[in-house]
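Worksheet: one structure, shown below.
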Number of protein chains: 2
Amino acid sequence: MAIRPAEQLIHKAAWLYYAHGLRQDEVANQLNISRASVAMYLRKARETGIVNISTSTQLFTDDIMARRLEDALKLDAVWIAPENAYLADPSTDIAVLAASVFLELVRKGDRIGVAWGRTVYTIADIMSYADLQDVTVVQLCGNLGAPYSYRPDQCTMEIARRLNAKGLNFYAPLVLSTEELAQGLRAEPVIRDQLSGISDCDLALYSIGAVDADSHLVKCGALTAAEMAALRKEGAAGVIAGQIIDAGGELLDCSYNRRVISAGLASLRVIGKRLMVVQEDSKFEPLLAAIAGGLCTHLVVGAHMAQRLLDHAGASAEKAP
Amino acid sequence: MAIRPAEQLIHKAAWLYYAHGLRQDEVANQLNISRASVAMYLRKARETGIVNISTSTQLFTDDIMARRLEDALKLDAVWIAPENAYLADPSTDIAVLAASVFLELVRKGDRIGVAWGRTVYTIADIMSYADLQDVTVVQLCGNLGAPYSYRPDQCTMEIARRLNAKGLNFYAPLVLSTEELAQGLRAEPVIRDQLSGISDCDLALYSIGAVDADSHLVKCGALTAAEMAALRKEGAAGVIAGQIIDAGGELLDCSYNRRVISAGLASLRVIGKRLMVVQEDSKFEPLLAAIAGGLCTHLVVGAHMAQRLLDHAGASAEKAP
DNA sequence: CACGGCTCTCGACAAAAGTCAAATTTGGAT
DNA sequence: ATCCAAATTTGACTTTTGTCGAGAGCCGTG
């Protein structure tokens with residue numbers, strides 16, 4: 001009588017409890033098991049996505065500032081996490097909000113592109129579970145063998161796991177040492193298919209990286225701090241899906257970019273919903289670049305960043321007649 | 001200090017509790033209110049649809065019988081409520097399941113047609129709340145001034161209320177005394193618009209009525225028991241959205257139908273998702289008629305009814321070579 | 001300006017849910 | 001065949017949550 005507690009049993013318990021509104025002990029009676037088991041099944045049901053608990057993110061878009069930002073930056077939707085009004089750690093609040101927004105944007109049957117970074121991994125980590133079997137999560141860029149837990153493939157897999165979706169990983173390094181090798185690898189059928197499949201995505205999730213010595217690209221050894229500084233002088237404004245963009249949001253013409261295996265900006269721009277999440281206030285310029293380049297249609301930021309964006313947009317509008 | 005507890009506060013509490021996973025007392029501290037108030041806000045949040053708790057209805061479609069029924073009857077999806085395995089009252093189980101399925105089928109921006117009957121009202125009554133502001137719920141058929149609580153307009157309004165959606169009522173009686181009057185009324189701009197708007201629906205929810213003295217049409221005085229019996233002899237097989245259909249699922253050619261103000265069968269067939277819910281085993285023949293007439297693409301029934309449908313389909317298949 | 005009626009809030013109790021270590025069962029390995 | 005490790009179930013205990021009636025602030029009215 002201790003067979004694998006068939007998914008069926010979890011489902012029945014969840015059904016009686018959440019849909020019918022029975023109490024745990026009533027459910028236990030119905031199913032002839034102890035109440036403790038019911039409690040355990042219910043936890044599993046939540047962790048498996050058999051039951052879904054979601055809170056509307058309406059409040060964060062209802063904000064007047066969010067509306068104005070949507071207009072000023074021509075974005076489809078903006079969510080603003082009210083800093084310091086809620087929790088001790090505001091960055092967590094942004095990630096929690098981003099996870100909710102993400103789940104709200106996902107539709108059954110969708111194909112989702114996921115980039116990488118601390119922000120993306122944090123979101124994956126706190127995201128609640130869902131049951132979206134016919135969803136595919138694809139990795140947007142090559143891998144970086146880093147000691148961190150937010151490697152591109154890990155971000156992809158973790159999100160796929162949370163959604164009960166299929167995860168498609170990228171079996172290639174993010175950066176190669178020569179342009180020839182990168183070109184050759186991009187032509188490989190396996191890689192080519194993955195790259196060309198990116199424009200079929202319905203939704204993309206990424207953050208933006210800063211061009212400084214703290215960048216993951218430096219930490220993971222893809223670039224040295226000196227190289228990064230040099231690129232900055234050449235006009236580098238931000239990092240998206242492992243690639244370096246200039247202030248206009250276009251790919252910077254540099255050797256590094258030519259050696260990268262990642263989703264082309266053109267493929268990204270084709271994706272219908274591009275959700276960008278920015279936690280750090282320091283990423284103001286990189287974010288401006290990404291927006292300028294049309295790399296984001298949906299935006300989740302903190303109140304402080306929102307205010308800066310709005311001020312900036314206002315100033316630009318004055319300058320331009 | 002006893003101002004209307006702004007929706008904002010409810011939202012904040014729900015956010016901290018459900019999205020961040022804080023305990024009620026932690027939320028109470030954050031917001032500087034008592035834990036009891038937090039508990040109350042959370043209840044309101046659930047009742048308003050600010051938080052959504054839904055359980056996957058997967059199990060009920062996974063059933064082998066459901067799959068076979070989908071094939072045999074050429075339906076898009078079938079859900080089977082396992083009778084007597086669950087609760088004392090099996091009909092409640094069907095309604096709870098139907099409500100979940102309904103909520104699962106609704107999409108933001110949808111237009112939903114709702115008919116009327118005890119079944120539909122039961123579903124509305126147990127349906128959990130959701131926050132779908134841009135959804136419109138339209139009434140599929142004219143009104144019947146009945147002493148019951150499941151008048152067409154009530155079904156529509158209740159569902160609209162649960163979804164936080166707009167409700168569009170039909171300000172016309174279901175049946176008129178002469179065909180001329182009915183024709184004239186149908187030509188009225190207000191009514192005509194409502195009728196023509198029905199084919200724009202994305203989803204319809206209805207049940208099927210039996211052709212007997214217990215029918216709502218008789219109880220509400222639209223027809224006498226004798227008239228009903230006569231119609232039955234003329235080939236009436238079921239009642240859908242207040243109209244009488246024959247065994248082939250086509251409108252029966254009779255005076256009553258010509259005097260009715262309701263959604264034409266053609267308009268209904270245009271709707272993408274037609275969800276039919278049947279609670280009573282006695283409605284076997286009416287259901288067969290509705291299916292034959294292509295009036296249903298999605299079906300929720302009890303296990304017993306499912307078995308009968310399957311047996312019937314098997315028998316028909318044998319007869320036809 | 002005092003008065004009910006109203007809604008919101010809180011403290012305290014009761015009910016329900018979560019948790020843990022021990023007991024039981026299973027399936028596979030020796 | 002027997003034993004071990006892993007997984008599941010349970011009863012007892014603790015923590016968390018739901019609820020009720022009393023009290024307090026607000027508002028329109030007499």
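Below, chains carry the letters A, B, ... as their sequence lines are ordered, and counting in each starts from 1.
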Any idea how B:H11 and A:F60 line up, ring-wise: parallel (<30°), tilted (30 to 60°), or perpendicular (>60°)?
-> perpendicular
Quick one: sort the B:W15 and B:H20 rings into parallel, tilted or perpendicular, breaks at 30° and 60°.
-> perpendicular
Side chain B:Q139, main chain B:T156, donor-acceptor under 3.5 Å | no
Test side-chain contact (heavy atoms from CB on, under 4.5 Å) applied to B:A99 - qualifying residues, sequence neighbours left out = B:I123, B:I126, B:M127
So which nucleotide from [options] ends up closest to the side chain of [X]?
X     : options                : answer
A:R35 : D:dT9, D:dG18, C:dA17  : C:dA17
A:A39 : C:dG18, C:dG11, D:dT19 : C:dG18
B:A36 : D:dT19, C:dA17, D:dT10 : D:dT19

Which part of the nucleic acid, if any, lies within contact of B:R43, taking any heavy atom under 4.0 Å across all strands shown: a base, the sugar-phosphate backbone alone, or nothing?
-> sugar-phosphate
Is A:L42 touching bases, backbone alone, or none of the nucleic acid, heavy atoms closer than 4.0 Å?
-> nothing
Please determine if a side-chain N or O atom of B:S37 lies less than 4.0 Å away from the OP1 or OP2 oxygen of C:dC10.
-> yes
Please output the side-chain donor-acceptor pairs of residues 108-116 of chain B that fall under 3.5 Å, not counting sequence neighbours, one pair per line with the distance.
from   : atom 1 : to     : atom 2 : distance (Å)
B:D110 : OD2    : B:R107 : N      : 2.9
B:R111 : NE     : B:G197 : O      : 3.1
B:W116 : NE1    : B:Y150 : O      : 3.3

Taking atom [atom2] of [N] as reference, at what distance in whole Å does atom [atom1] of [X] sit?
X     : N      : atom1 : atom2 : value
A:L31 : D:dT8  : CG    : P     : 17 Å
B:E47 : D:dG18 : CD    : P     : 12 Å
B:M40 : D:dC20 : CE    : C1'   : 13 Å
A:Y41 : C:dA17 : OH    : C1'   : 17 Å
A:I33 : C:dT25 : CD1   : P     : 17 Å
B:Q24 : C:dA16 : CD    : P     : 15 Å
A:D25 : C:dA16 : CG    : C1'   : 8 Å
A:R23 : D:dT17 : CZ    : P     : 18 Å

Side-chain heavy-atom pair A:Y17, A:V38 within 4.5 angstrom cut-off | no
Contact list (N/O, under 3.5 angstrom) for nucleotides 21-23 of chain C vs protein:
none

Would you call A:K44 and A:E47 a salt bridge, using N to O less than 4.0 angstrom?
-> no
